[in-house]
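Step one of this worksheet: look at the structure below.
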Amino acid sequence: MTTATTVIRGGTLLEPAGPRARPADILIEGDTIREIGAPGLRAPEGTRQIDARDRLLIPGLINAHTHSHGALARGIVPDAIPLEILLGYAAAVNGNRTLEDKRLSAQLSAIELVRKGCTACFDMFTEFPAPTVEGVHAVARAYQQVGVRAVVAPMMADLTLWQALPGLLASLPDAVRRQVEGLRAAPGQASATTCRDILKAWPIDRSEVAPGIGPTIPLHCSDGFLGACRDLAREFDVPLQMHLAESRGQAVLGIEKYGTSLTAHLDALGVVGPRFSGAHGVWLEDDDVRRLAGAGASIAHNPMSNLRLGSGVARVRAMLAAGLRVGLGTDSASSSDTQNMFEAMRLCAYLSRVQTFDYREWITAGEAFTLATEGSARVLGMDRIGRLLPGFKADVVFLALPHMESQRAVPILRGQGRKVIDLSADYRLRDAALYGTWYKADHIDAVGLAEAVYGLPELHRKAIATASLVANPGCYPMGAVLATAPLIKSGLGRGEGIVVDGKSGVTGAGAQGRKVEPMYLYTEANENVQAYGIGTHRHTPEIEQELSALAGQPVVVGFTPHLLPMNRGLFTTASVPLTKSAGSGDLLALYREFYAGEPFVRVVPEGERPTTRAVVGSNFCDVTVVSDPRTGRAVCVSALDNLGKGGSANGIQNLNIMMGWDERTGLEAPPVYP
Ligand SMILES: [Zn+2]
């Protein structure tokens, strides 16, 4: 099966860190960014091209808080009214909608978002008097149809406005009070039951449109109902969003009703946690901010509606300084007049400048951009969107399971869209039949095996960059292949008569430092050297596979591993017959050319020799080669750390390549010497 590829050429890429931009091309495979590179980036034949000249390349913006039902109410919310009066209009403005109205409203909302560069949103969608399965599912499908990612959370209350605000009923004239005091909202229990049905029968891939829960405002929800919403969010692992301290009235009346802040009350109910986001958060005290940050919760900042409704200016700098996650939203098209995220970013930055004269505290354009992308992605619980980085949408899993166990886990992980770096042998050998010969077991994941890339960066860097499954090489093959690759590739080394002699510290040699076997006992290993697995070691076919590919014909090697009395370190001596005579200087020149630009393979200067001490604790592999004219052979030598370049450090190098990061990230600590 082939996946369609697309390349976007000629654009200017905005760096995630801030307002710097550089020319770049982007290669996309299926729905995932594969590679970002300099203009002229190579793309496979048949790749669809998009001309982005004169365009800025940014990730799709993410709206952390909106209400799709507002799309049909745009322009009918009166000017110059505060939130509490607007809420009095809510049922009249958003009620009496048919299913088609609800779908259309979401479709309009999604289209407006896309047209303004926004590709994902958190939608608190309401139906009067109570949510319905058909209504919420119709809205979810509308987003899918337009192609916008979304969290759709039914917005609910089980108290009327007149019940919600302490003192409101009592303050009304008698005639009016008699009209409204008998009114009741939909019972919370019924809404919770409907939510359960909505969640259970969710009709769409959650990576595209996911469900959420939206008890609208603390004061408007009974504690019992909030508890039910909390339990649903936990049970179905979905985000929960509420309007939190949006207006000063809410904050003050909250203290009157609960005796604590709204945030503290929600926290006491167990509602506040990593799945929780509060919309607005204009009137949060320092203690609230700390509490939210400590719980891993988020705030969706909505500068436009906060201004339109006179709610106030949220203290975004204080939130960020406290480590609170903040996303950016537009709120409803009816209360903000637009869902333009660029407008929201601009106001987010500029509003901070009326809060303090200290310009170092202002929100910069780059910060506002980060809130509108990465920050909002966290609010949606979709942490693999919001950045232009290769493979960003996918998680990476490292597996270090016993041989022939990984092949059971890998298909499951890949089915969930995860990238995998496997440190077992299960995906190293391309020929499945070899597993029967060397591992005495059948390979059961033919698809994975066919797609796996052998994770030796110096030979397969390009394939690793686009791989979803990488087989990290064994330690002996790493040492043997790096020692001999330049010779074999150039044709100077003969494919027959190669003898490889490997020596490993006790943490390698199949022991991982933990295996209980006489060979690894202190009394056996210390002050002793022994060969093992003579003629039968499982790394032999791996070495042959890689050298054969380099030679373009079958290569057979005689390989013998040895156990040395040291903790870490792997030393290889390979004797390779030469096809024609060559001096050591010529061979070294060949090695230097082959490994030019390689960050972790060091061809040591003539006259010096690799040692394990010089590489222990690092991802380096030191190599050299010496011509032996008397035997017509070259002696190739390499030293590496079996747990470094021969193990997990090389796994990290593969990760860096797969993610498009600097290949040296996390690997530049110097070796431990002496
Ligand atoms: Zn809202």
Side-chain angles (χ1 to χ4, degrees), residues 64-65 120-127 129-141 143-144 149-159 185-218 220-244 262-279 291-292 294-300 325 327 377-385 395 412-413 415-418:
H65 178 70
C121 72
F122 197 116
D123 180 8
M124 287 181 79
F125 160 68
T126 199
E127 294 173 271
T132 66
V133 176
E134 314 79 65
V136 175
H137 287 182
V139 166
R141 286 199 190 89
Y143 280 108
Q144 190 189 35
R149 281 179 208 278
V151 173
V152 180
M155 183 168 87
M156 306 163 288
D158 69 338
L159 300 173
Q189 195 46 53
S191 293
T193 303
T194 306
C195 282
R196 174 172 289 281
D197 294 339
I198 291 169
L199 292 164
K200 269 207 299 212
W202 192 250
I204 296 173
D205 179 352
R206 283 179 180 216
S207 71
E208 295 175 11
V209 182
I213 299 281
T216 181
I217 300 169
H220 295 238
C221 300
S222 67
D223 287 355
F225 181 51
L226 285 172
C229 290
R230 168 203 64 206
D231 294 345
L232 282 168
R234 274 186 201 157
E235 183 183 340
F236 290 91
D237 190 21
V238 297
L240 184 154
Q241 190 169 83
M242 300 185 75
H243 296 90
L244 179 63
L262 297 165
T263 304
H265 182 66
L266 292 177
D267 198 14
L269 290 176
V271 174
V272 176
R275 292 187 197 85
F276 176 84
S277 59
R291 202 183 279 271
L292 290 164
S298 316
I299 287 292
R325 302 170 180 175
R378 304 291 287 274
V379 174
L380 270 61
M382 295 181 177
D383 53 3
R384 275 161 282 149
I385 58 173
D395 275 336
I412 298 166
L413 291 165
Q416 294 168 354
R418 302 289 191 270

Output all residues satisfying side-chain contact (heavy atoms from CB on, under 4.5 Å) with [X], sequence neighbours left out; order by chain, then residue number.
X	value
Ala120	Ile62, Arg149, Leu380, Ile385
Ala186	Ala130, Ser191
Ala264	Thr260, Ser261, Arg291
Ala295	Val272

If only atom types and distance count, is the side chain of [X] paired as donor or acceptor with the main-chain N or O of [Y] below 3.5 Å?
X	Y	answer
His243	Thr216	yes
Arg230	Leu269	yes
His137	Ile198	yes

Testing the basics here: between [X] and [Y], what is the closest heavy-atom pair and its distance to 0.1 Å?
X	Y	result
Met242	Pro215	CG-O, 3.1 Å
Ala150	Met382	O-CE, 3.7 Å
Phe276	Val271	CB-O, 3.6 Å
Ala300	His65	CB-CB, 3.8 Å
Val379	Ile299	CG2-O, 4.2 Å
Ile213	Cys229	CG2-CB, 3.7 Å

Apply side-chain hydrogen bond (donor to acceptor under 3.5 Å, both in side chains) to [X] and list each qualifying residue two or more places apart in sequence or on a separate chain.
X	answer
Thr194	none
Ser277	Gln241
Glu208	Gln144
Thr132	Glu127

About how many Å separate [atom2] of [Y] and [atom1] of [X], when rounded to the nearest 0.5 Å?
X	Y	atom1	atom2	answer
Leu244	Leu262	CG	CG	6.0 Å
Met155	Asp123	CE	CG	9.5 Å
Cys221	Leu266	SG	CG	9.0 Å

Just to verify, what does Arg275 make a salt bridge (Lys or Arg N to Asp or Glu O under 4.0 Å) with, not counting sequence neighbours?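 Per chain and number, Arg275 pairs via salt bridge (Lys or Arg N to Asp or Glu O under 4.0 Å) with Asp237.
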
Heavy-atom distance under 4.5 Å between the side chains of Ile204 and Tyr143, does that happen here?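 A side-chain contact under 4.5 Å is absent here.
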
Which pairs, with at least one residue in residues 221-241 and sequence neighbours excluded, count as a ring pair (Phe, Tyr, Trp, His ring centres under 6.0 Å)?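 Applying ring pair (Phe, Tyr, Trp, His ring centres under 6.0 Å) to every pair that reaches into residues 221-241, excluding sequence neighbours, yields nothing.
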
For Glu134, I'd like to know if atom CD has over 12 heavy atoms of other residues, nucleotides or ligands within 6.0 Å.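 Atom CD in Glu134 is crowded, with more than 12 foreign heavy atoms closer than 6.0 Å.
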
Sorted by first residue and then second, give each salt bridge (Lys or Arg N to Asp or Glu O under 4.0 Å) pair with at least one member in residues 188-201; sequence neighbours left out.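 Output for this query lists Arg196-Glu235.
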
Residue list, ring-ring contact (aromatic ring centres under 6.0 Å, His included) with His265, at least two apart or on another chain: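 Tyr258.
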
